[in-house]
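A short write-up of the structure that comes next.
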Amino acid sequence: MKKRCLVGFVLIILVCTLLGCINKQKNLTRIEYIKMSANGTYSDTEIVTDKKKLEKIECFFSNIKWEENVAVKSKRIADFKATLFYEEEKNMPEKIYEYEIWFHNDINKAVLIGDNDKQSYVMLNKKLSKELEELLNYEK
């Protein structure tokens, strides 16, 4: 009986999480990003258009709890610079969101700064940092 309740509870949480990500009004159409290489220069721009990957990344970014109106400066150049393109209304220009991402390997956390109207900032916990590394194919 306890096992069935636990399985039911887990299924309810999964369904709620999926519905929370699916029912967003924005539609992520593509991502362009550049990576910092070992020699300190940025790579060529990479473009992500795969629908499944875009859905995962959109869900990831929509669930982040941002701190807004924070002026943050970093001592080093970002490991990634990502631009997310959202279609909010049909036949209208895409809305662009730019992010700088740092991976701090010593503490296994990532920091994101959003260059949008609100100057947003977040430090991800270890689990979310690992998930973001996998989504961006980041290699330590």
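Only this structure's heavy atoms are used, side chains among them; waters, hydrogens and symmetry mates stay out.
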Exercise. In terms of hydrophobic clusters joined by side-chain contacts under 4.5 Å, are Phe61 and Ile34 together?
Worked result: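 Each belongs to a different hydrophobic cluster.
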For this session: Treat each ILVMFWY residue as a node, draw an edge where side-chain heavy atoms are under 4.5 Å apart, and state whether Leu84 and Leu128 are in one component.
Result: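 Hydrophobic grouping puts Leu84 with Leu128.
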Taking all non-hydrogen atoms of both residues, which atom of [X] and which atom of [Y] are closest, and how far apart?
X	Y	value
Thr45	Glu32	CG2-CB, 3.8 Å
Ser129	Phe103	O-CE2, 4.0 Å
Lys65	Val122	O-CG2, 3.6 Å
Val111	Met123	CG2-CE, 3.7 Å
Asn39	Ser37	OD1-OG, 2.5 Å

[X] atom [atom1], neighbour heavy-atom count above 12 within 6.0 Å:
X	atom1	answer
Lys126	NZ	no
Asp106	CG	yes
Asp44	CG	no

Problem set entry | Proximity of Tyr97 and Trp66 rings by center, below 6.0 Å |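 Ring centroids of Tyr97 and Trp66 are no less than 6.0 Å from each other.
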Exercise. Is there a side chain to side chain contact (heavy atoms under 4.5 Å, CB included) between Leu112 and Ile101 once you walk through the steps?
Worked result: CA-CA 5 Å; Leu112 287 80; Ile101 304 168; 4.0 Å; yes
Exercise. Any sub-3.5 Å donor-acceptor pair from Ser120's side-chain atoms to Gly114's backbone N or O?
Worked result: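 No.
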Atom pair [atom1] ([X]) and [atom2] ([Y]), whose distance is rounded to the nearest 0.5 Å:
X	Y	atom1	atom2	answer
Leu28	Lys95	CG	NZ	14.5 Å
Glu46	Phe80	CD	CZ	7.5 Å
Asn108	Glu133	CG	CD	7.5 Å
Asn27	Glu89	CG	CD	12.5 Å
Ile96	Glu94	CD1	CD	7.0 Å
Lys53	Leu135	NZ	CG	6.5 Å

Exercise. So which residues get pulled into Ile107's cluster when ILVMFWY side chains under 4.5 Å apart are joined, directly or through others?
Worked result: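 Other cluster members: none.
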For this session: Dump the intermediate steps for side chain to side chain contact (heavy atoms under 4.5 Å, CB included) on Leu124 and Phe60, then the final yes or no.
Result: CA-CA 11 Å; Leu124 301 176; Phe60 181 87; 3.7 Å; yes
Problem set entry | Sequence-distant partners of Phe85, ring-ring contact (aromatic ring centres under 6.0 Å, His included), two or more places apart |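 With sequence neighbours excluded, Phe85 shows a ring-ring contact (aromatic ring centres under 6.0 Å, His included) to no residue whatsoever.
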For this session: Identify, with sequence neighbours excluded, every residue that meets side chain to side chain contact (heavy atoms under 4.5 Å, CB included) alongside Ile77.
Result: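 For Ile77, the residues satisfying side chain to side chain contact (heavy atoms under 4.5 Å, CB included) (neighbours in sequence not counted) are Met36, Tyr42.
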